[in-house]
Amino acid sequence: QSALTQPASVSGSPGQSITISCIGTSSEFANYVYVSWYQHHPGKVPKLIIYEVDHRPSGVSNRFSGSKSGSRASLTISGLRTEDEAYYYCTSYRGGSTYVLFGGGTKLTVL
Amino acid sequence: QVQMVQSGAEVRKPGASVKLPCEASEFSFSKYYIHWVRQAPGQGLEWMGVINPAGATNYAQTFQGRITLTTDTSTSTAYMELRSLRSEDTAIYYCARGFLDRMDLWGNGTTVTVSS
């Protein structure tokens, strides 16, 4: 069964940039175009921040950007702010498939 | 206000079932997919299943045979029923509006506690 692997934690200082990776174990993940990212502050509702690899929903800061190369998708947050401290999850969906898969989540700490 | 509204907390005994509502407010319910995602204490988000505007469903393999998603378009309400509950099903259950590949508007979540 395919899985999405994320680092358990990353950290950065205010103003810096960080990148969170999301690696697909399925050989098919390299062909996936439907990769999304969600921000989740504990106690609050998850928020969609990136969809279709690199698209930002209306209202999401351009400090958030997504990319994908082969089996690795990435979320980059530039100009880190304390309010960015949260959990970040990648998801994938393969067109024609019948499921959505979440990565294990990454805790971002802004030092 | 455009939102997905979920009900308050539920408590069930092991072996019981729970059916959670999720009401769409101020948007055209019939245009969107409705996903269900849960988060157990100390764990990450877990996708459970989706129902499309035509009523067709897809379920995560983990829940096959125990979950049923339905919608009532007359009340713009989606439902998630989970059967044969066990303690590991204790979690916050979210509904979310979206498309097949993403969820762009999340409900506030319903806490389900399974305990004898």
Side-chain angles (χ1 to χ4, degrees), chain A residues 1-9 20 22 26 29 31-60 66 68 73 75 86-108, chain B residues 1-7 9 22-25 27 32-52 54-65 67 69 80 91-111:
Chain A
Q1 186 174 355
S2 62
L4 298 178
T5 301
Q6 299 181 232
S9 63
I20 298 172
C22 172
S26 165
F29 183 70
N31 298 320
Y32 290 4
V33 296
Y34 296 107
V35 177
S36 300
W37 290 89
Y38 296 85
Q39 177 190 61
H40 190 198
H41 290 98
K44 296 195 174 181
V45 171
K47 176 185 177 182
L48 177 68
I49 56 173
I50 295 289
Y51 66 96
E52 291 179 15
V53 175
D54 58 5
H55 291 70
R56 270 188 312 276
S58 174
V60 172
K68 185 173 178 286
L75 171 71
Y87 289 83
Y88 291 84
Y89 295 88
C90 63
T91 68
S92 75
Y93 164 75
R94 185 187 67 179
S97 179
T98 58
Y99 64 89
V100 172
L101 190 62
F102 272 90
T106 299
K107 182 179 181 180
L108 168 62
Chain B
Q1 181 181 359
V2 175
Q3 59 183 339
M4 304 285 283
V5 181
Q6 297 187 247
S7 58
C22 167
E23 184 180 0
S25 176
F27 68 90
Y32 293 92
Y33 290 70
I34 305 296
H35 295 259
W36 289 83
V37 175
R38 76 178 186 180
Q39 185 175 38
Q43 303 298 310
L45 300 175
E46 180 180 24
W47 184 79
M48 300 179 70
V50 65
I51 184 166
N52 74 10
T57 55
N58 293 115
Y59 302 128
Q61 209 165 3
T62 306
F63 300 100
Q64 288 278 0
I67 187 173
L69 301 184
M80 188 283 295
I92 300 173
Y93 289 77
Y94 295 101
C95 63
R97 179 193 85 172
F99 305 89
L100 190 52
D101 66 297
R102 64 189 184 268
M103 295 145 259
D104 68 348
L105 179 69
W106 292 63
N108 49 307
T110 296
T111 299

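Throughout, protein chains are lettered first and strands after them, A, B, ... in sequence-line order, and every chain is numbered starting at 1. All of these numbers come straight from a predicted model, not from anything done at the bench.
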Chemist: May I ask you to check whether over 12 heavy atoms, not counting those of B:Tyr32, lie within 6.0 Å of atom OH?
Modeler: yes

Chemist: How many angstroms lie between CZ in B:Arg102 and NE2 in A:His55, if you round to the nearest 0.5 Å?
Modeler: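 If I round to the nearest 0.5 Å, the distance is 8.5 Å.
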
Chemist: Got a second to check how far A:Tyr38's OH is from B:Trp106's CH2, nearest 0.5 Å?
Modeler: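 Rounded to the nearest 0.5 Å, the OH-CH2 separation comes to 6.0 Å.
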
Chemist: For a side chain to side chain contact (heavy atoms under 4.5 Å, CB included) check, start with the C-alpha distance between A:Glu52 and B:Asp101, then their side-chain angles and the critical distance, and finish with the verdict.
Modeler: CA-CA 8 Å; A:Glu52 291 179 15; B:Asp101 66 297; 4.0 Å; yes

Chemist: Kindly determine whether A:Tyr99 and B:Gln61 satisfy side chain to side chain contact (heavy atoms under 4.5 Å, CB included), including the steps that lead there.
Modeler: CA-CA 9 Å; A:Tyr99 64 89; B:Gln61 209 165 3; over 6 Å; no

Chemist: Taking every heavy-atom pair that is under 4.5 Å apart, which of A:Gly105, A:Ser36, A:Gly103 has the most such pairs with chain B?
Modeler: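 Result: the option with the highest number of such pairs is A:Ser36.
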
Chemist: With a 4.5 angstrom heavy-atom cut-off, could you sort out which part of A:Tyr89 is near chain B: side chain, backbone, both or neither?
Modeler: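 Contact with chain B is through the side chain of A:Tyr89 alone.
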
Chemist: To the nearest 0.5 Å, what is the distance between CG (B:Leu45) and OG1 (A:Thr91)?
Modeler: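 Reported to 0.5 Å precision, the distance equals 10.0 Å.
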
Chemist: Please report the closest heavy-atom contact between A:His40 and B:Tyr94, naming both atoms and the distance.
Modeler: NE2-OH, 3.7 Å

Chemist: As an exercise: rank A:Pro46, A:Ser92, A:Pro42 by heavy-atom pairs under 4.5 Å with chain B and give me the winner.
Modeler: A:Pro46

Chemist: Roughly how far, to the nearest 0.5 Å, is CD of B:Gln39 from CZ of A:Phe102?
Modeler: 10.0 Å

Chemist: Would you call B:His35 and A:Val100 a side-chain contact if the rule is heavy atoms closer than 4.5 Å?
Modeler: yes

Chemist: Decide yes or no for B:Leu100 and A:Tyr93: does some side-chain heavy atom of the first lie under 4.5 Å from some side-chain heavy atom of the second?
Modeler: yes

